[in-house]
Amino acid sequence: MSKVIHRSLRGKLPVAVAGKGLVLVDRDGKEYIDASGGAAVSCLGHQHPDVVAAMHAQLDRLAYAHTSFFTTEIAEELAETLVAGAPAGIGHVYMVSGGSEAIEAALKMARQYFVEIGQPQRTRFIARRQSYHGNTLGALAVGGNEWRRAQFAPLLIDVGRVAPCYEYRDRAPGETAEQYGERLASELEAKVAEIGGPNVIAFVAETVVGATLGAVPPVPGYFRRLREICDRHGILLILDEVMCGMGRTGTLHACEQEGIAPDLMAIAKGLGGGYQPVGAVLAASKVVEAIRAGSGMFQHGHTYIGHPMGAAAALAVQKVIRRDRLLERVRTNGDYLAQRLVAALGGHAFVGDIRGRGLFRGVELVCDRATKRPFDPALRLHAKVKAEAMARGLMVYPMGGTVDGQLGDHVLLAPPFISTQADIDAIVERLAGAIDAATRESKRAAA
């Protein structure tokens, strides 16, 4: 029996022993196409030679130096690179080891900003239902993934909630996408009024919702309205682009497609492509300069922030993305993936919606297309899809509770940026087979 505390303490996982490009190999020699990049992580696939070489070179020079004593050349170069490609107003980078840490740091940085500028009464955050921002307590508190939150709810801070931007289920008949977005903006206005604008620290949102809803993009104009509301009330905008950012949707930052810039933004996953645990907060200069002019220090920190090996991996990944013009490839092949999904699954009896941007796509499964009725959660359709996909040598990222934390199933796809159209053909073919088999079994079980 394994001594590792795995995510599930029941069942047995295959043992991964090798990987190259899009493929992972288990101990029995079976190959799997990594069509989800793990959890939207492996943007360059596995064992990219340039990234491996950069990590070797850094390890030969310096593996670790604690940030209370030193900065490092590699961390400084990464920060310069990230700021150069960041949205307007972003001037600084705080390096961490992953997405949850990035969100925790962003929440604390936002709170400290208001303390430093003489507004300590701001103590509340507003976030959306059916969101996911991480598993540490602060991140879990602002997140709206109810099944993850339930048993820990007594430990979590109180957060104001508004509806997600979930057009497939929530846009009313006869309502345009723009009208729907305006209705959601009015809901945020009402929540700010309920809490009191001077009491709110920040609004927190995923630019394109990832794991909980399955690659759900915002409607046109939605984020511009939210940015206006935040500005009017002096509220910070924190964007979570841990999953959807760093090129995944076809631009380096997903918010570029919304025409806005955040005050703080969490990134991870595609930042380092899985080669090292690394994440970061991109911070507006106004936030950092307020802290510099006040106490002079951000009251936060971890042992491994700014880790040289993490910085080396992230810098190498970002250089490859730029050099090989992979954002263009994400856009082109993202369109191709969408077309192939629609061709293969658009008329499927149990596929309700196909959505997303770039190489970040979601397929929502329903029991009845006309009514959008989800499958009985007791059937655990998402888990069956995963099992059928793995049996076919395909890794995808299914999730249950899509609708409200209990009902609903979807499958998330996030293949590496290096994917070819032939790779995408194979992914869609295997996924369609997995969905056919899983839904057929679920319908029999429900009969």
Side-chain angles (χ1 to χ4, degrees), residues 6-8 10-11 13 34-42 99-100 127-135 139-140 142-152 164-170 205-217 240-244 248-249 268-269 341 345 348 350-357 359-367 372-390 394-415 427 430-432 434-435 437-439 441-442:
H6 293 290
R7 288 171 179 256
S8 173
R10 298 172 182 168
L13 290 167
D34 187 358
S36 59
V41 175
S42 300
S100 293
R128 303 187 295 188
R129 295 187 292 277
Q130 288 301 94
S131 59
Y132 179 64
H133 298 296
N135 263 330
L140 199 60
V142 293
N145 189 308
E146 291 305 322
W147 74 267
R148 293 181 190 267
R149 289 168 46 90
Q151 66 178 318
F152 305 108
C165 189
Y166 187 7
E167 186 178 13
Y168 170 64
R169 288 192 175 273
D170 293 346
E206 298 162 273
T207 313
V208 178
V209 183
T212 300
L213 288 183
V216 174
D240 179 346
E241 294 205 358
V242 168
M243 185 171 265
C244 68
R248 176 56 58 188
T249 65
K269 296 187 185 293
L341 287 171
L345 295 168
H348 195 287
F350 304 118
V351 170
D353 192 31
I354 298 170
R355 58 205 177 214
R357 288 181 182 169
L359 288 176
F360 195 46
R361 300 286 167 171
V363 177
E364 184 165 344
L365 304 173
V366 294
C367 189
K372 304 180 183 179
R373 178 168 58 91
F375 281 85
D376 183 342
L379 296 172
R380 290 181 54 78
L381 176 60
H382 59 283
K384 291 176 182 176
V385 171
K386 181 178 181 180
E388 291 287 352
M390 288 289 281
L394 180 70
M395 294 164 55
V396 294
Y397 197 80
M399 186 70 70
T402 312
V403 178
D404 59 5
Q406 292 186 325
L407 297 171
D409 301 271
H410 69 262
V411 182
L412 187 68
L413 296 174
I427 288 167
R430 295 185 194 190
L431 175 62
I435 289 175
T439 53
E441 179 187 344
S442 293

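Below, each value reflects all heavy atoms present in this structure, side chains not excepted, and no hydrogens, waters or symmetry copies. Everything numeric here is computed off the predicted structure, so don't read it as measured data.
Put simply, the side chain of R148 never gets that close to the backbone of N135: no donor and acceptor are under 3.5 Å apart. When atom types are taken as modelled, the side chain of H410 and the backbone of A211 share a donor-acceptor pair closer than 3.5 angstrom. S42 places no side-chain N or O within donor-acceptor distance of the main-chain N or O of G38, the cut-off being under 3.5 Å. Counting only distance, with no hydrogens or angles, the side chain of H348 and the backbone of F350 share a donor-acceptor pair below 3.5 Å. A donor-acceptor pair is defined here as one N or O able to donate and one able to accept, closer than 3.5 Å; such a pair exists between the side chain of E206 and the backbone of Y132. At distances below 3.5 Å, not a single donor-acceptor pair connects side-chain atoms of R357 with backbone N or O atoms of C244. Formation of a donor-acceptor pair under 3.5 Å by the R129 side chain with backbone atoms of G405 is not found in this model. Although no hydrogens or angles enter the test, the distance criterion places a donor-acceptor pair under 3.5 Å between the side chain of K372 and the main chain of Y168.
F360 approaches A414 most closely through the heavy-atom pair CD1-CB, 4.2 Å. Between L407 and P374 the shortest heavy-atom distance is CB-CG, 3.8 Å. The heavy-atom pair separating G362 from A215 by the smallest distance is N-CB, 3.5 Å. The two residues A127 and V142 make their nearest non-hydrogen contact at CB-O, 3.1 Å. Nearest heavy-atom pair, R248 versus P415, reported as atom, atom and distance to 0.1 Å: NH1-O, 2.6 Å. In terms of heavy-atom proximity, P398 sits nearest to H382 at CB-O, 3.3 Å.
In this structure, the separation between CG on D240 and OG on S100 is 9.0 Å, given to the nearest 0.5 Å. Interatomic distance, OG1 of T402 versus CZ of F375, reported as 12.0 Å (0.5 Å rounding). Here the straight-line distance linking atom CE of M399 with atom CD of E364 works out to 13.5 Å at 0.5 Å rounding. Once rounded to the nearest 0.5 Å, the distance linking CG of L345 with CG of D353 reads 12.0 Å. Distance OG/S36 to CZ/R361: 16.0 Å, rounded to 0.5 Å. Taking CG of L140 as the reference point, atom CZ of R149 lies at 6.5 Å (rounded to 0.5 Å).
A salt bridge between E167 and R355 is absent, with no side-chain N of the basic residue lying under 4.0 Å from a carboxylate O of the acidic one.
Atom NZ of K384 has more than 12 neighbouring heavy atoms from other residues, nucleotides or ligands inside a 6.0 Å radius.
Contact check for L431 versus L413: side-chain heavy atoms found under the 4.5 Å cut-off. Residues V396 and V363 fail the side-chain proximity criterion, which asks for heavy atoms closer than 4.5 Å. When side chains are defined from C-beta on, V366 counts as touching R169, because their heavy atoms get closer than 4.5 Å. Residues Q130 and Y166 form no side-chain contact, since every pair of their non-hydrogen atoms from C-beta on lies 4.5 Å or further apart. Proximity of M243 to L412: side-chain heavy atoms (C-beta onward) are separated by under 4.5 Å at one or more points.
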Checklist entry - Is there a side-chain hydrogen bond (donor to acceptor under 3.5 Å, both in side chains) between E241 and T207 once you walk through the steps? => result CA-CA 6 Å; E241 294 205 358; T207 313; 2.8 Å; yes
Next on the checklist: As a quick check of understanding, evaluate side chain to side chain contact (heavy atoms under 4.5 Å, CB included) for E146 and T212, giving each step before the final call.
Outcome noted: CA-CA 10 Å; E146 291 305 322; T212 300; over 6 Å; no
Item to check | Criterion side chain to side chain contact (heavy atoms under 4.5 Å, CB included) on D409 and L379, from CA distance to verdict | outcome: CA-CA 10 Å; D409 301 271; L379 296 172; over 6 Å; no
